[in-house]
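All chains are named by letter (A, B, ...) in the order of the sequence lines, taking the proteins before the strands, and each is independently numbered beginning at 1. Side-chain atoms are counted along with the backbone in the values below, which use heavy atoms only and exclude waters and symmetry mates.
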Protein chains: 2
Amino acid sequence: MSRNVTIKDIAKVAGVSISTVSRILNNAPLVTPEKRQKVLEVIGQLGYEPNASAQGLVRGKSMTVGVLTQDIASPFYNEVARGIDVGFSGTGYQPIFVNGHWEAQDEASAVAALIRRQVDGLIILGGRLPEQQLHALSERFPLILVGRYVPGLEHCCMRVDDLQGAYLATRHLLELGHRRIAHIAGITSHRDAVERFEGYRMALTDAGIDFDESLVYEGEFDEPSGILAVESWVTKGVHFSAIFAANDQMAYGARLALYRRGIRVPEDVSLVGYDDLPASSFSLPPLTSMHQPLFEMGELAAQTILTRLQDQDCEIPQIAVTLSVRESTRYHRR
Amino acid sequence: MSRNVTIKDIAKVAGVSISTVSRILNNAPLVTPEKRQKVLEVIGQLGYEPNASAQGLVRGKSMTVGVLTQDIASPFYNEVARGIDVGFSGTGYQPIFVNGHWEAQDEASAVAALIRRQVDGLIILGGRLPEQQLHALSERFPLILVGRYVPGLEHCCMRVDDLQGAYLATRHLLELGHRRIAHIAGITSHRDAVERFEGYRMALTDAGIDFDESLVYEGEFDEPSGILAVESWVTKGVHFSAIFAANDQMAYGARLALYRRGIRVPEDVSLVGYDDLPASSFSLPPLTSMHQPLFEMGELAAQTILTRLQDQDCEIPQIAVTLSVRESTRYHRR
DNA sequence: TTGTACGCGTTATCAT
DNA sequence: ATGATAACGCGTACAA
């Protein structure tokens, strides 16, 4: 409605030139204390806020970093987003979040929107953008890829060892004496889902257990998938004493389906999730889950891109995962 | 790293003037098909994206709407955010999310950042910004206040009747025969927490039940609060057959504490939450909860501000709440 | 110490 | 039908 206050307005009211005002705003030296005083006064009265578009234009920097997330409402991505938010706070840079919805199409147009907004850097969480496009992007500005591995872009990738994580989760169950361990896999077009499945298989193999295909259900990373998995096994009469779900949300679903069938956790069946969402500490029973430091990863992504934005080099460390052992797993009694 | 492609570049390569290119980009009439063809070709090759800052500068519109949320990782705000996201998709407008952390200080600086970015409108989710500032903001640009009621800004407020919601939730328990209904309240400086408490009280009063202060615990809208509430009652020997929590997260905490104490839900104690988060359908047992159409509210907020951005008037309807009855509540047997 | 003038990339208003 | 050119708000080199 009402036009924004500009430097010009301030200059006019304070009776000085616009460059003087500009100098004061960027606290450059060489200004009479009186004028500075006067101008600052006027600024306070008029409620001036610099126009970021204009600043971006002339400076060639937008002080903005794009964040491409897949699902703005997923608890998984939100923890990372929170870390990113904290990582940028007080730095002058502002993250802009856009959604890819796990569709290369949407992701591409979201990235285009960010480029139009002149982002100085880009953080991409997961997604399906073709590697070729990622290469192209990495040549425009600093780029961080969280949870993705792209050959040739190693210095941009923040990797979590999903294979190792799944291996450890499965071994935890094996060490508790479980032999028939079912697995609810994620969407097979997601790299992390495949790696987690591989880790599960590998742990079984190393323990000298034959892989049984009937113990694997392919889910979609959401709660209903967990329900369907358990229902499918129970219906088919498949026996198991433990379940390893490729993420917590599917574990929640499985937990509910087991409850409905009168199967107790952990007395009858042990349950392990993956991601260790905040809610898992409070689920019933508290869920044993593979912990990824999502918040820290977000923070680290922000810090890394921040230092690269100042043309400094810095490595991205491999992210370590640790199992949060809670009450959903226990010894298997034969 | 590499400078962005500009209209100038395209004009040079295509051998035309910048105004011609601009015309083609804004598909204005009066251009030779051949030139149009040629320019479009060059644009495709060079991968041009218009500079939104420059466009914003000259047009006086940034095609951007600010969204002030309180906690980027709260499942509550995220559902609304998702609605907002969907509401804006394909409109040319882009939402920019910033965080207030429930601190008037942070909120103010977040809003300042949005103003610097020249947002054309503002959606505020909850928060503690003084009413005076909200009034000032509403004079700058279209403003939508979700979950807040400010005198004089009625046309900006999207209200949910928390009092009514709490009343209905409590009455549900009363109708099931419960008389000793405990309440886990929210942070008392939040209006919705107070209203929910009032609704609870009012329902009791209408049912001819005396208010018992020992049945109320003041929590902080998070899971640990729910645990502490139950622990405090059990420790003090307070008896109750039902709990009404002012939000789902506190209900989850209460559920866990009851479980640890060997108190079954719903056999021994009925449990009602508020917000009906997506996860509540899959909790153990599925939680009876007061449903607020969070996603729809976000979508509506986006649509409303969108129409106001085009100087059209439009009313914001009162949002209705409905109880999602699930398995955490049942008849009280005396 | 201060003010003038130019340029950032784009749109819009003029001439041509 | 097309091409100069003046804005938009800001930072800054340069002149005063």
Side-chain angles (χ1 to χ4, degrees), chain A residues 2-40 42-43 46-64 92 112-113 115-120 140, chain B residues 2-40 42-43 46-64 92 112-113 115-120 140:
Chain A
S2 61
R3 195 176 55 76
N4 283 357
V5 180
T6 70
I7 286 193
K8 211 180 198 173
D9 299 326
I10 295 170
K12 195 171 294 176
V13 175
V16 297
S17 76
I18 53 170
S19 34
T20 303
V21 177
S22 177
R23 267 190 281 268
I24 293 173
L25 286 169
N26 301 290
N27 41 38
L30 307 178
V31 234
T32 330
E34 306 136 33
K35 298 217 172 190
R36 158 167 278 125
Q37 170 73 20
K38 174 68 180 168
V39 168
L40 254 26
V42 176
I43 288 179
L46 268 52
Y48 169 79
E49 290 290 347
N51 182 327
S53 293
Q55 287 182 322
L57 244 196
V58 59
R59 289 208 255 237
K61 296 208 157 300
S62 65
M63 299 303 281
T64 277
I115 289 178
R116 280 197 292 277
R117 294 225 137 60
Q118 307 296 113
V119 291
D120 299 329
R140 293 185 77 122
Chain B
S2 61
R3 195 177 54 78
N4 283 356
V5 180
T6 70
I7 287 194
K8 210 181 200 172
D9 299 326
I10 296 170
K12 195 171 295 176
V13 175
V16 297
S17 76
I18 55 171
S19 12
T20 302
V21 178
S22 179
R23 265 190 281 268
I24 293 173
L25 286 169
N26 301 289
N27 42 40
L30 307 178
V31 240
T32 329
E34 306 136 35
K35 297 215 173 191
R36 159 166 279 125
Q37 171 71 20
K38 173 68 181 168
V39 168
L40 254 25
V42 175
I43 288 178
L46 269 53
Y48 169 79
E49 290 290 348
N51 182 327
S53 293
Q55 287 182 324
L57 240 198
V58 58
R59 290 209 254 237
K61 295 207 159 301
S62 66
M63 299 302 282
T64 278
I115 289 178
R116 278 198 293 275
R117 294 223 135 61
Q118 308 296 111
V119 290
D120 298 328
R140 293 183 76 121

Spell out protein contact along nucleotides 5-11 of chain C as letters: B when the base is contacted, S when just the sugar-phosphate is, - when no protein heavy atom is under 4.0 Å; keep the 5' to 3' order. --BBBBB
Roughly how far, to the nearest 0.5 Å, is CG of A:Asn4 from CZ of B:Arg140? 4.5 Å
Which side-chain N or O atoms in residues 47-61 of chain A pair as donor and acceptor under 3.5 Å with protein atoms at least two apart or in another chain?
unit_1: A:Glu49; atom_1: OE1; unit_2: B:Arg116; atom_2: NH1; d: 3.0
unit_1: A:Asn51; atom_1: OD1; unit_2: A:Ser53; atom_2: N; d: 2.8
unit_1: A:Asn51; atom_1: OD1; unit_2: A:Ala54; atom_2: N; d: 3.1

Can you give the first and last nucleotides of DNA chain D, 5' to 3', that have an atom under 4.0 Å from a heavy atom of chain A? D:dG9 to D:dT12
Can you check side-chain contact (heavy atoms from CB on, under 4.5 Å) on B:Lys38 and B:Val16, steps first, answer last? CA-CA 10 Å; B:Lys38 173 68 181 168; B:Val16 297; over 6 Å; no
Would you give the length of the straight line joining atom OG1 of A:Thr20 to atom CD1 of A:Ile10, rounded to the nearest 0.5 angstrom? 12.0 Å
For A:Ser17 and A:Ala11, work out which heavy atoms get closest and say how close. C-CB, 3.8 Å
Spacing of CD belonging to B:Gln37 relative to OG1 belonging to B:Thr32, to within rounding of 0.5 Å: 12.0 Å
B:Thr6 side, atom OG1; B:Leu46 side, atom CG - distance, nearest 0.5 Å: 9.5 Å
Short heteroatom pairs, N/O only, protein and nucleotides 14-16 of chain C, under 3.5 Å:
none

Which heavy-atom pair separates B:Val42 from B:Ala14 by the least distance, and what is that distance? CG2-CB, 3.9 Å
For the CZ atom of B:Arg117 and the OG1 atom of B:Thr64, what is their distance to the nearest 0.5 Å? 9.5 Å
Quantify the bending of the helix from C:dT1-D:dA16 to C:dT16-D:dA1 as the angle between its end axes, each fitted on five pairs, to 10°. 50°
Can you pull the salt bridge (charged side-chain N to carboxylate O under 4.0 Å, His left out) pairs that have at least one residue in residues 7-29 of chain A, sequence neighbours excluded? A:Arg3-A:Asp9
Hey, could you give me the CD1/CG distance between B:Ile43 and B:Leu25, rounded to the nearest 0.5 Å? 4.5 Å
